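As the structure lists them, so they are numbered: ligands from 1, and atoms in each ligand from 1. Remember, predicted model here, so these are calculated numbers, not experimental data.
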Amino acid sequence: MLMRMPAVGITCYPTQGGSGVVATELGINLARHGCAVHFISSSLPFRLQQYSENIFYHPVDMPQYPVFQNSPYTLSLATVMSETAVRHNLDLLHVHYAIPHAASAYLARQMVGGDRLKVVTTLHGTDITLVGQEPSFFPITRFVIDQSDAVTAVSTFLRAETERVFGVTRPIEVIPNFVDARVYRPRQDEDLRRRFAPGGEHLLIHASNFRKVKNLPAVIEVTARVAAEIPVRLLLAGDGPEMPAVRAHADRLGLAERVVFLGHVDELAEIMPACDVLLLPSLHESFGLVALEAMACGVVPVVTDRGGAADFIQDGHTGFLRDPEDIGGMAAAVLRVLRDPALRTQMAEDAQRDAAGDFGISCVLKKYLDLYDRLLGLAGPRGAG
Ligand code: GMT
């Protein structure tokens with residue numbers, strides 16, 4: 001039987017960040033699978049730098065006008081969404097991060113009229129746990145969650161938080177984040193390792209957008225405790241508002257020689273496999289995509305237990321889940337794995353197997369395709385191999 005592939009509009013924040021990565025990689029893989037994918041965003045998503053078959057990009061202009069204090073992006077986005085939906089016969093708008101994308105999609109669906117165009121909202125994290133709870137956003141966030149035709153959350157934690165905080169009773173499907181195990185994979189690259197660890201030190205890595213929620217003081221303090229016991233270096237990938245404080249903290253603890261500041265890294269998959277342990281001690285983390293990427297590379301993650309990481313990390317087997325204030329506990333976990341090569345190898349293998357399996361792209365892509373099919377009344381289920 002010939003099944004029609006849906007035409008999908010995808011909106012996300014185009015800059016570096018997990019939700020943008022997930023949305024873009026999902027779009028790229030949907031397109032490979034035969035869907036027409038129309039990215040609608042304020043600039044080209046950073047992972048979408050080259051032309052690919054079935055992928056189209058529609059920029060959202062934000063006109064300035066003296067009366068506006070800020071350009072009304074939500075309205076411009078709704079306009080491009082509705083025009084793109086009509087012109088390209090879109091079946092659905094799939095928005096990533098509720099604020100304001102789900103509101104724009106709601107408006108676009110009203111503008112298009114009828115009930116053909118569906119809206120799928122994927123909740124990622126601070127749209128629910130922080131920003132969405134601001135009094136000025138709370139009612140509209142709850143409204144657009146209710147009004148979406150389907151809602152997904154990236155972890156069971158985030159679904160529970162959405163239900164608890166917003167009192168939402170509509171179904172929310174958990175579809176986890178995913179990793180492309182062909183790109184994120186273990187690699188022996190002794191030259192790269194020597195570049196970062198010329199003295200043969202162990203390598204820790206932290207990668208993020210360096211915001212307060214990432215709990216960067218803990219990254220530095222755990223590194224200091226580990227460095228007091230064994231030779232180690234810390235790679236910091238990314239940049240953000242907390243970076244000056246991180247530099248000062250590292251200097252204060254005498255770690256200047258042990259911390260390597262990499263700045264923005266476009267291809268984390270090139271660097272990650274050279275490392276031994278990933279540190280992600282966030283104050284909360286609805287998923288923690290970088291931890292899954294680390295696992296796929298055979299790097300053992302030591303991750304906050306506040307949030308959704310328990311969905312994909314088996315504590316003590318494929319990584320460690322620790323309270324983000326438990327500096328001693330995190331340092332002990334790092335030392336345990338670095339001091340025991342057999343344990344490290346076993347954990348790395350198990351982590352890699354889990355990441356490439358249930359959290360591999362084909363498994364998760366199938367969940368999204370099945371959701372689209374159910375929503376659109378298309379035949380299913382289909383494979384996504
Ligand atoms: O919600 C955010 O703070 C931004 C967002 C992003 O774009 O990186 O991060 C969230 O979404 C990611 C992708 O689903 C998750 O891996 C992150 O855990 C989540 N961030 C937080 O929950 C703090």
Numbered in order shown, the ligand 1 atoms found under 4.0 Å of a heavy atom of Gly288 are 15 (C), 16 (O), 17 (C), 18 (O)

Checking heavy atoms under 4.0 Å, the part of Tyr13 that sits near ligand 1 is neither

Between the side chain of Thr11 and the main-chain N/O of Ser41, is any donor-acceptor distance below 3.5 Å?
no

Do any side-chain atoms of residues 234-254 form donor-acceptor pairs under 3.5 angstrom with protein atoms, and if so which ones, sequence neighbours left out?
{"unit_1": "Glu242", "atom_1": "OE2", "unit_2": "Lys212", "atom_2": "NZ", "d": "3.3"}
{"unit_1": "His249", "atom_1": "NE2", "unit_2": "Glu221", "atom_2": "OE2", "d": "3.3"}

**Prompt:** Does at least one non-hydrogen atom of Arg211 fall below 4.0 angstrom from an atom of ligand 1?
**Reply:** yes

Side chain or backbone, does His284 bring an N or O within less than 3.5 Å of an N or O on ligand 1?
no

Query raised in the report: Is the shortest side-chain N to carboxylate O distance from Glu190 to Arg195 below 4.0 Å?
Result: no

Would you say ligand 1 has an N or O under 3.5 Å from any N or O of Ser19? yes

Aromatic ring proximity Tyr13/Tyr97, centre distance under 6.0 Å:
yes

Check: of Arg306, Glu285, Glu161, min heavy-atom distance to atom 21 (C) of ligand 1 comes from Glu285

For this session: Check whether any side-chain N or O of Gln147 sits under 3.5 Å from a backbone N or O of Phe143 as a donor-acceptor pair, and report yes or no.
Result: no

**Asked** Does a side-chain N-to-carboxylate-O contact under 4.0 Å join Glu201 and Arg193?
**Response** no

query = Should Tyr97 be counted as touching ligand 1, given the test is an N or O pair under 3.5 Å?
reply = no

Looking at Ser71 and Tyr73, would you say the former's side chain and the latter's main chain have a donor-acceptor pair under 3.5 Å?
no

Rounding to 0.5 Å, atoms OG (Ser104) and CG (Leu75) come to a distance of 7.5 Å

When you look at Phe157 and His284, which way does the ring-ring contact (aromatic ring centres under 6.0 Å, His included) test go after all the steps? CA-CA 10 Å; Phe157 160 83; His284 56 87; 7.3 Å; no

Worksheet item: N/O of Gly17 under 3.5 Å from N/O of ligand 1, yes or no?
Response: no

Out of Gly125, Cys12, Gly18, the nearest non-hydrogen contact to atom 8 (O) of ligand 1 is supplied by Gly18

### Nitrogen or oxygen of Lys214 less than 3.5 angstrom from that of ligand 1
no

**OP:** Run the contact test for His96 against ligand 1 with a 4.0 Å cut-off on heavy atoms, strictly below, and give the result.
**Re:** no

* Asked: ligand 1 and Phe287, any nitrogen or oxygen pair closer than 3.5 angstrom?
  -> yes

Short version for Asn177: what comes under 4.0 Å of ligand 1, heavy atoms counted, is side chain

task = Ignoring angles and geometry beyond distance, decide whether Leu289 reaches within less than 3.5 Å of ligand 1 through its nitrogen or oxygen atoms.
result = yes

> So is there a nitrogen or oxygen of Gly20 less than 3.5 Å from a nitrogen or oxygen in ligand 1?
Replying inline: no

- Min side-chain heavy-atom separation Ile145-Val151 under 4.5 Å: yes

